[in-house]
Amino acid sequence: MPRVKVGPAPPDRKTLDVEIARLRDFDVGALRARWQDVFRRQPPPYLPRHLLFRMLAYRLQADHLGDLDGESRRLLDSAVSPEAAGKRAVEGARVTRDMSPGTMLGREWNGRMHRVAVLAEGFAWNGKTYPSLSKIALAITGTRWNGPRFFGLRDKPAREGGS
């Protein structure tokens with residue numbers, strides 16, 4: 001008889017929906033009390049009811065279904081506006097999406113040439129498969145890089161107030 005691996009039960013979407021629907025009926029005082037339970041601190045006093053509700057609903061969904069990955073969080077944190085974040089995300093996806101499997105990328109680093117093969121699902125370097133060019137750039141340099149920029153696929157941003 002084959003072994004069966006039993007993991008945690010998948011999140012119950014119906015329970016989550018009921019919990020969020022219940023939040024809709026709360027007044028500001030009840031939302032602030034719920035905030036205290038969820039975040040273990042007082043909510044900012046200036047937040048209006050609709051933002052309290054949205055932030056609580058997001059946190060409940062993230063706790064049940066999983067939060068944003070680190071790369072998405074950094075993209076949003078570094079953006080000036082939601083529009084700028086969307087534009088950067090689309091641009092980054094376009095750069096890697098436009099490369100066909102079999103394309104070879106090269107970059108010289110510390111006097112050594114590094115070649116990366118584009119695969120249908122990721123990138124190959126040094127006999128290993130990586131999900132992103134940024135992970136390969138980190139493996140090569142030991143520091144975080146924007147992968148497409150490291151491999152010369154993206155121009156450096158123009159400096160404001162040029163010389």
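These figures come from a predicted structure and were not determined experimentally.
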Taking the side chain as every heavy atom from C-beta outward, state whether Thr141 and Phe150 have any atom pair closer than 4.5 Å. yes
Distance, nearest 0.5 Å, that separates CG of Asp17 from CG of Leu60: 11.0 Å
Going by salt bridge (charged side-chain N to carboxylate O under 4.0 Å, His left out), name the residues that satisfy it together with Arg107, two or more places apart in sequence or in a different chain. none
Distance check, rounded to the nearest 0.5 Å: Lys128 atom NZ versus Ile136 atom CD1? 10.5 Å
Would you call the rings of Trp125 and Tyr130 parallel, tilted or perpendicular, where under 30° means parallel and over 60° means perpendicular? tilted
So, does Arg32 use its side chain to make a donor-acceptor pair with the main chain of Pro45 at under 3.5 Å? yes
Decide yes or no for Leu105 and Leu153: does some side-chain heavy atom of the first lie under 4.5 Å from some side-chain heavy atom of the second? yes
Closest non-hydrogen atoms of Leu138 and Arg144, given as atom of the first, atom of the second and distance, are CD1-N, 3.9 Å
Measure the CD-CG distance between Gln36 and Leu31 for me, rounded to the nearest 0.5 Å. 13.5 Å
Nearest heavy-atom approach of Ile20 to Gln61 is CD1-NE2, 3.4 Å
With a 4.5 Å heavy-atom cut-off, do Leu133 and Trp145 have their side chains touching? no
Who are the salt bridge (charged side-chain N to carboxylate O under 4.0 Å, His left out) partners of Asp67, not counting sequence neighbours? Arg59, Arg73
Within the 4.5 Å heavy-atom criterion, are Val118 and Phe123 side-chain neighbours or not? yes
Rounded to the nearest 0.5 Å, how far apart are NZ of Lys14 and CD of Glu19? 15.0 Å
So, does Arg24 use its side chain to make a donor-acceptor pair with the main chain of Phe53 at under 3.5 Å? no
Heavy atoms of Glu108 and Gly111 approach each other most closely as OE2-CA, 3.6 Å
Are Tyr58 and Arg54 side-chain neighbours, meaning at least one heavy-atom pair lies under 4.5 Å? no
Testing the basics here: between Pro101 and Leu119, what is the closest heavy-atom pair and its distance to 0.1 Å? CB-C, 4.0 Å
Would you say the side chain of Leu51 lies within less than 4.5 Å of the side chain of Tyr46, judging by non-hydrogen atoms? no
Between CD on residue Gln42 and CH2 on residue Trp35, distance to nearest 0.5 Å: 11.0 Å
Audit row: Arg112, Ile140, side chain to side chain contact (heavy atoms under 4.5 Å, CB included) steps and yes/no: CA-CA 10 Å; Arg112 184 170 167 226; Ile140 292 171; over 6 Å; no
Above 12 or not: heavy atoms from other molecules or residues under 6.0 Å from CZ of Arg115? no
Below 4.5 Å, heavy atoms only, C-beta onward: do Arg34 and Leu52 meet side chain to side chain? no
